[in-house]
Protein chains: 2
Amino acid sequence: MEASKDSVVKNEIIDSAQKLFKQFGLKKTTMDEIASACGKAKSTLYHYYKSKEEVFDDVLSKEMLGLRILVDKNVKQKKTLHDKLKMYFETFHKEALNKLNLYRILKQEIQAEFINTNRFSDVIMFETNYVQNMLLEGVKKGEFTNVKEEDIGLYSEVIVVAFLGLVRYSVERDGEFEIENLRKITDILIPRVFT
Amino acid sequence: MEASKDSVVKNEIIDSAQKLFKQFGLKKTTMDEIASACGKAKSTLYHYYKSKEEVFDDVLSKEMLGLRILVDKNVKQKKTLHDKLKMYFETFHKEALNKLNLYRILKQEIQAEFINTNRFSDVIMFETNYVQNMLLEGVKKGEFTNVKEEDIGLYSEVIVVAFLGLVRYSVERDGEFEIENLRKITDILIPRVFT
DNA sequence: GTTTCGACTATTATCGTATTTTGGTCGGCA
DNA sequence: TGCCGACCAAAATACGATAATAGTCGAAAC
């Protein structure tokens, strides 16, 4: 078994699964459907994944990766902490709505045990870390001085959780809470040194 | 029917109902149980309330009122916008955990149609308004200048939604996310003029 | 040896129906 | 006017039968 061949087949499976999960959700998508969608027998899937959950998990990882690549790319184009955060919120919010499966997790629509516990807090942890690095960079550059360095971990967590709360809210209202408004959040979440 | 007598009986009912709802939740509490808990017949309850929902709604109103009185009392004791907001977050958070029924609403644990639609957004609206007044007062006193006055409505909404997201998070982790941390949120949510 | 498949199993979900629970009504009693 | 027990209709529950589905296994194909 070549590793490359292996991952090609895995990609086929994930692509089909992603579409089906997006359309019907985790519960209403069967392994048989995924299998025939990519022209394989169900038992073949179990050669590459040991469970349905593992397939779903991989789909999520793919979506998350896509979102993160985009977020990171956009954020890197901005120079100041303020602009970076603004772009971060905007891109994350927009992409989370596109990646429907991911969005379902954020909304905690899927109540599977294995997901809520791990996945959601994984996202929070990862994003907290990402934001933390942004803030630390801001500190190093002197853009962000009025916060003790030891508090930056907590600050990041607060920012992420608060932001995700807003994403959820915005999603539940389905457009009532506009993206333009979301842009102003940075002004709230980040105390500026130069006022 | 005297109005006073009427409200005495209503209070008896609400007290019993509150305990039961707190212990078993909305769905697992029956009208018969509430009735016998306050030594009345079920049909008597319908003399004072026209439905179970109305009873639950009144319990919520009572809890909300209690919380709001305390919040308002504590907030009024503080002078600056910063201290007021700090106290606001702290008291609201603490009391929301005590008032279990209210807390279930915030957590959106109760999925009854009549609740999610009205109650939750009622809370958001009320709190948004309350915070807005705080901010406007801060503007008037010159403590809070770096925000356009027309944006204050949006700011308030963002603050409330973000804060409720944090309350939920803190509740889900059941103590992991400490109240002391919550106190620092004000520093994040309110850009200070004097840095 | 690796990948695929069809047949098989065990578990879970679904359905139809009988039964119970429960929200809500009503007439009458104090 | 305030209260109750008896009553009803609708919803929840229980349960057995049936169907759907996640996951296994041995063998065939490559």
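Within every chain, numbering begins at 1; the chains are lettered A, B, ... in the order of the sequence lines, protein sequences first and strands thereafter. Bear in mind that the values here come from a model prediction, so they are computed numbers and not experimental data.
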field: Residue whose nearest DNA chain C nucleotide is more 5′ - B/Asp32 or A/Lys27
entry: A/Lys27
query: In whole angstroms, how far is the P atom of D/dG2 from the OH atom of B/Tyr49?
result: 14 Å
- request: Taking the side chain as every heavy atom from C-beta outward, state whether B/Tyr130 and B/Val71 have any atom pair closer than 4.5 Å.
  value: yes
query: Touch check for A/Lys40, heavy atoms < 4.0 angstrom, all strands: base, sugar-phosphate only, or nothing?
result: sugar-phosphate
- request: Could you tell me the separation between the NZ atom of A/Lys50 and the C1' atom of D/dG23, rounded to a whole number of Å?
  value: 13 Å
- line: Checking D/dC4, D/dA22, C/dG23 against the side chain of B/Met31 (C-beta onward), the nearest is C/dG23
field: Residue pair B/Glu127 / B/Tyr88, side-chain donor-acceptor N/O under 3.5 Å
entry: yes
message: Looking at A/Lys42 and A/Glu33, is any side-chain nitrogen of the basic one under 4.0 Å from a carboxylate oxygen of the acidic one?
response: no
task: For B/His47 and C/dC26, give me the distance from atom NE2 to atom C1', rounded to whole Å.
output: 13 Å
query: Any donor-acceptor pair under 3.5 Å joining the side chain of A/Lys42 to the base of C/dG6?
result: no
Rounded interatomic separation in angstrom, taking CG from B/Leu45 and C1' from D/dG5: 14 Å
message: Closest approach to the side chain of A/Thr30, judged atom by atom: which nucleotide of D/dA22, C/dT4, C/dG24 is it?
response: D/dA22
- prompt: Whole Å only: how far is the OH atom of B/Tyr46 from the P atom of D/dG2?
  reply: 19 Å
- prompt: Nearest-Å distance, CG (A/Leu20) to P (D/dT21)?
  reply: 13 Å
- request: Among D/dT24, C/dT4, D/dA22, find the nucleotide with the atom closest to the side chain of A/Ser43.
  value: D/dT24
message: What I want to check is whether the side chains of A/Glu157 and B/Tyr169 have a donor and an acceptor closer together than 3.5 Å.
response: yes
query: Is the phosphate of C/dC5, meaning OP1 or OP2, less than 4.0 Å from a side-chain N or O of A/Thr44?
result: yes
- request: Look at the side-chain N and O atoms of B/Tyr48 and state whether any lies under 4.0 Å from the OP1 or OP2 oxygen of D/dC3.
  value: yes
- request: Considering just the side-chain nitrogens and oxygens of B/Lys52, establish if one lies under 4.0 Å of OP1 or OP2 belonging to C/dT22.
  value: no
